[in-house]
Amino acid sequence: RVGLMGQAKKQRLLETAKPASEAARESSMRARAIEAIFLQCYVHIHMSVTAMQAMGPKGFSPTKARILAFAALTPGLTVGELVEYMRVSHQSINEPLRRLINEGYIVARIGVEDRRHKRLFATRKGTERYMRNVRAQVRKVENAFRATGSEAASSYLEVQRRLVEPSDREWIARALRVAAKGVAGG
């Protein structure tokens, strides 16, 4: 009987200790998540600066760089697909897209299967300019991966994959194939 009482008491102690341990772990995860959000904000800022430096002269806004990225990495996408991928309105891309076309970075062709849709293609000039950006950013990320090691790089990529919408993963896979050729070639 004493042994059973001792066992029951141990079980109660374990049950009360367990939530405290879980609470501490959850608190630690919450603190890391908050830090990750702020770090991601500054990573975005620094990568945008890297992109703007690599893209060249003034007048190449982050929006123009993103539009050019989608056109270079997804040849033949429609304006509707571009809006969907970027999660913006048609109105917000009209002006930067028009400028990219006028400046010779993108061409818009009438769709073969559906003449109502314009298909966007990066020109050689646009692709070269965009790939300068990719190469600069790849160097920066490669340096961080080398400094932290393979396991940290794998963990980082796994977290990023879980933050991306499942519907975006197909586009990412296609873009990786196209970008790898451009990075290797430059």
Looking at R174, I want to see if its CZ is surrounded by more than 12 non-hydrogen atoms of other residues, nucleotides or ligands under 6.0 Å.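 Correct, the count exceeds 12.
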Should we say atom CD of E170 is surrounded by more than 12 heavy atoms from elsewhere, each under 6.0 Å from it?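 No, because the 6.0 Å sphere around CD of E170 holds 12 heavy atoms or fewer from other groups.
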Considering only NZ, NE, NH1 and NH2 on the basic side and carboxylate oxygens on the acidic side, decide whether R139 and E142 come within less than 4.0 Å.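 Judged by the 4.0 Å cut-off on N to carboxylate O distance, R139 and E142 do not form a salt bridge.
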At what distance, to the nearest 0.5 angstrom, does [atom1] of [X] lie from [atom2] of [Y]?
{"X": "S48", "Y": "R66", "atom1": "OG", "atom2": "CZ", "answer": "6.0 Å"}
{"X": "L97", "Y": "L68", "atom1": "CG", "atom2": "CG", "answer": "10.5 Å"}
{"X": "L73", "Y": "Y85", "atom1": "CG", "atom2": "OH", "answer": "11.0 Å"}
{"X": "Q40", "Y": "I45", "atom1": "CD", "atom2": "CD1", "answer": "11.0 Å"}
{"X": "E81", "Y": "H117", "atom1": "CD", "atom2": "NE2", "answer": "8.5 Å"}
{"X": "R32", "Y": "S28", "atom1": "CZ", "atom2": "OG", "answer": "5.0 Å"}

Considering all heavy atoms, the nearest [X]-[Y] contact:
{"X": "S167", "Y": "R87", "value": "OG-NH2, 4.4 Å"}
{"X": "V83", "Y": "V88", "value": "CG1-O, 2.7 Å"}
{"X": "P96", "Y": "K64", "value": "CB-CG, 3.6 Å"}
{"X": "L77", "Y": "F70", "value": "CD2-O, 3.6 Å"}
{"X": "L120", "Y": "A108", "value": "CD2-CB, 3.8 Å"}
{"X": "A72", "Y": "Y130", "value": "CB-CD2, 3.9 Å"}

Please check: side-chain N/O of [X] versus main-chain N/O of [Y], any donor-acceptor pairing under 3.5 Å?
{"X": "Q137", "Y": "M47", "result": "yes"}
{"X": "T78", "Y": "K118", "result": "no"}
{"X": "R132", "Y": "A54", "result": "yes"}
{"X": "R169", "Y": "R161", "result": "yes"}

Is there a path of hydrophobic side-chain contacts, each under 4.5 Å between heavy atoms of I/L/V/M/F/W/Y residues, joining V141 to L157?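 Yes; V141 is reachable from L157 via cluster members.
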Is there a salt bridge (charged side-chain N to carboxylate O under 4.0 Å, His left out) between E95 and R98? Walk through the geometry before answering. CA-CA 5 Å; E95 179 63 21; R98 186 181 57 74; 2.5 Å; yes
Before you tell me yes or no, could you show the steps for V49 and Q53 under side chain to side chain contact (heavy atoms under 4.5 Å, CB included), namely the whole-Å CA-CA distance, both residues' side-chain angles and the distance that decides it to 0.1 Å? CA-CA 6 Å; V49 168; Q53 289 170 342; 3.7 Å; yes
